[in-house]
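The structure appears below as structure tokens.
In what follows, every chain begins at residue 1, and chains take the letters A, B, ... in the order their sequences are listed.
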There are 2 protein chains.
Amino acid sequence: MSQVKIRNMEEFASVSGISRPTVSKYFNDPDSVRPSTRAKIEAALETYEYRPNIFAVNQNRKQTKTVGILVPYLADPVFAEFARNIEQRCVELGYRPTIFSSHGVQQTENDILDNLLALKPAGALLAPLGRESDVAAVRAFCDEVPTVLFDSNIADTGLAFCGMDNPQFTRLIVEYLCRSGQPPCFFEMKTPANPNARKRRQSYLEAMRTLGFEPQVFSVAGEGWHFEEIGRQGGHKVLTSGEMRTNTVLCSNDRLAIGFITACYELGMSVGRAEGCAIRVAGQDDHPFSRYTCPPLTTIAQDYDTVSKHAVATLFRAIEGEEFPYEVNLFEGKLVMRDSA
Amino acid sequence: MSQVKIRNMEEFASVSGISRPTVSKYFNDPDSVRPSTRAKIEAALETYEYRPNIFAVNQNRKQTKTVGILVPYLADPVFAEFARNIEQRCVELGYRPTIFSSHGVQQTENDILDNLLALKPAGALLAPLGRESDVAAVRAFCDEVPTVLFDSNIADTGLAFCGMDNPQFTRLIVEYLCRSGQPPCFFEMKTPANPNARKRRQSYLEAMRTLGFEPQVFSVAGEGWHFEEIGRQGGHKVLTSGEMRTNTVLCSNDRLAIGFITACYELGMSVGRAEGCAIRVAGQDDHPFSRYTCPPLTTIAQDYDTVSKHAVATLFRAIEGEEFPYEVNLFEGKLVMRDSA
DNA sequence: ATAATTTCTTTACGCGCGATAATTTATTAG
DNA sequence: CTAATAAATTATCGCGCGTAAAGAAATTAT
């Protein structure tokens, strides 16, 4: 490694013995130059430290190598896992992903979309806030940037949506709960942030009716993204109300279930499918922490990997110029039987 | 809002009736122009949509408004919380934070530092991987960019370090455990990624000796960042080994404790400080989920807010030109008494 | 070998803005 | 009202690179 500092592409071109426009072509696509010149450039790259100035590159190219990743709440391990997974795939494809979190706030989501737009990204992968989203703002963004939505759908927005097959999710676990014990009641937030929650409620009702059982829904108060606390406090209310007509609770998602189990503990109720337990609790999502609740949580596993993979693949089809109609890709979940139900 | 699209600062200057250099000055610092011209510019800003091209700005300014935030593992809610907190503070100060995660991998950490360098950030806030970090690479980065380290310290690197006062943390909870029941043994990973873990072990030994008790340390195998699973499997080994000379376990951190409690559950051992419980378990960090374990976890609360605040404040002192010697700022934790110990 | 084709070089311009110097205009002090 | 000061204007350059056109050189095909 030479001590000579290369200041720009001009200098690098001269030490590599290739003209600047050709070097520029090389950095744009190494395969676009003759193998012999490519070798020369890469030899120089071994000797001298040089990388094109990213700001100059991005200013002049119409399309950057940036990919925006936006999740509604990064402190939720479900979304941290999505972000990590998607990020890695983008890196592998030679792009520069940037992760943003709306922190559950519409204004923040809008600000991020606005800032992201200024970065002229090649594409974006968005998990919108859901109910809190400014639909017009998200649509406006999608009109400018190739975008794939995931997790939380906004109809006909962006190139495609990749998410869960909520009816399948809920039907699967409702059927399991019904055949292994008492039919479940449904525990949810009254005004859920995420549209998946509404679909799951719907799917619960349908599944119960199909199976010939009377559904019972508990919608508890609570705003924001502190689901565990909402689940805990709501759990206390429901459990002490005496209104539960069953010993089995299906929670709208795992984080609510985690809080609900805490409530059970605090009320001295034993949770589990084992004999002698007072109550069975199940969740939906397979949250990373669900394996470690006491008892471990029975739930439906969302396949982060498949959803991420498909979302990224769809985006890059578009980035690489393919045209295709709007898609909705829903993926099935798998039952994860643990001890809580 | 006019329909005329403003393409650059030149055009915006002309529609606002102000010369381009003055407009440029305004965007650099709105207070640097006369109030009357500022008003004119802001009036135009109401009518026309224009924002300076961020790439052109960053190319020409020696210093950008970017701030890099790097954490070792974003899927760990402790770091998600840090990242969120720091991010928000930077936004409030008018900067553009960008969050990165090393995902526990040295090469990733190095790549991120490398990429970050190319973004000419005004500063960076790094929580290094710890044992896995390439110290030379981190130091090299710190030589180029004003950097404050947090959470995990690398001696004499960067402008300052902000983190926990591990001796105080551990002493506090050891004292509590000793006066409220049997003195604790210490449960940790054999080769912890994070240097805090080593200090906590040390501090445990000292605290126990000071109090006149015989320490006992269990170092369990396990690599990586899946602490809950390591805690669970290690917990099984320790609990079934018959080597524990006490009914109280202090875990090196909350995530290990969460896994340990799961192991207790799986072995049918009741956890808690209540009478009749088989074992007491305590953690350290006040992980966001610790409130929801069964029983809720007694732990030492790390003050994310204060650490973040201090780290950001220190960085911006440097960004704004102040010179000061290398600092180490350690913050005390508070005992959070819940039911597990 | 010659022609056809591909690739490279040279030259030149443009992107959008920061920065500077010299000049003009507006504001404030006396 | 004039001088002193502050602020805005005009003009001009530079940043580092993308890109286009025209011609030279190297490669491939015939």
For this session: Please find out if less than 6.0 Å separates the ring center of A:F55 from that of B:F55.
Result: no

Problem set entry | B:R34 vs B:N53, nearer the 5' end of DNA chain C by closest nucleotide | B:N53

For this session: Figure out the CG/P separation between B:N58 and C:dG16, and round it to whole Å.
Result: 15 Å

For this session: Using only side-chain N and O atoms of B:T22, determine if any of them is under 4.0 Å from OP1 or OP2 of D:dT9.
Result: yes

Exercise. Rounded to whole angstrom units, what separation is found between the CZ atom of B:R61 and the P atom of D:dC15?
Worked result: 18 Å

Pairwise N/O distances under 3.5 Å, protein to nucleotides 22-24 of chain D:
none

Can you give me every donor-acceptor pair (side chain of residues 125-135 of chain B, partner residue at least two apart or in another chain, under 3.5 Å) with its distance?
from: B:R131; atom 1: NE; to: B:P192; atom 2: O; distance (Å): 2.9
from: B:R131; atom 1: NH2; to: B:T191; atom 2: O; distance (Å): 2.9
from: B:S133; atom 1: OG; to: B:E109; atom 2: OE2; distance (Å): 2.7
from: B:S133; atom 1: OG; to: B:L129; atom 2: N; distance (Å): 3.0
from: B:S133; atom 1: OG; to: B:G130; atom 2: N; distance (Å): 3.2
from: B:D134; atom 1: OD1; to: B:A136; atom 2: N; distance (Å): 3.3
from: B:D134; atom 1: OD1; to: B:A137; atom 2: N; distance (Å): 3.2
from: B:D134; atom 1: OD2; to: B:N110; atom 2: ND2; distance (Å): 3.1

Exercise. In whole angstroms, how far is the C1' atom of D:dA20 from the NZ atom of A:K25?
Worked result: 13 Å

Seminar exercise, completed: Taking a pair to mean Watson-Crick or G-U wobble geometry with both distances below 3.5 Å, C:dT7 pairs with D:dA24

For this session: Between C:dA19, C:dC17, D:dG16, spot the one nearest the side chain of B:P52, thanks.
Result: C:dC17

Problem set entry | Min side-chain heavy-atom separation A:N85-A:D305 under 4.5 Å | yes

Exercise. Taking 4.0 angstrom as the limit, do A:E81 and A:R84 come out as a salt bridge?
Worked result: yes

Exercise. With a cut-off of under 6.0 Å to the ring centre and 45° to the axis, is B:R317 in cation-pi contact with B:F324?
Worked result: yes

Seminar exercise, completed: Contacts of A:S24 and B:A56 projected onto DNA chain D by closest heavy atom; the upstream (5') one is B:A56

Exercise. Heavy atoms under 4.0 Å, any strand shown: does B:T37 hit a base, just sugar-phosphate, or nothing?
Worked result: sugar-phosphate

Exercise. So, does the side chain of A:R20 form a donor-acceptor pair with the base of D:dG16 at under 3.5 Å?
Worked result: no

Problem set entry | Between D:dA8 (C1') and B:F27 (CZ): distance, integer Å | 17 Å

Exercise. A:Y26 has an atom OH; how far is it from atom P of C:dT7, in whole Å?
Worked result: 17 Å

Exercise. Side-chain contact, heavy-atom cut-off 4.5 Å: B:I319 with B:Y95?
Worked result: yes

Exercise. Does OP1 or OP2 of C:dC8 have a side-chain N or O of A:S19 closer than 4.0 Å?
Worked result: no

For this session: Rounded to the nearest angstrom, tell me the gap between atom CZ in B:R51 and atom C1' in C:dC17.
Result: 15 Å

Exercise. Do A:N329 and A:F161 come within less than 4.5 Å of each other through their side chains, counting heavy atoms only?
Worked result: no

For this session: Check the distance between D:dG18's P and A:N60's CG and give it to me in whole angstrom.
Result: 7 Å

Problem set entry | Distance, rounded to the nearest Å, where A:Q59 contributes CD and D:dC15 contributes P | 14 Å

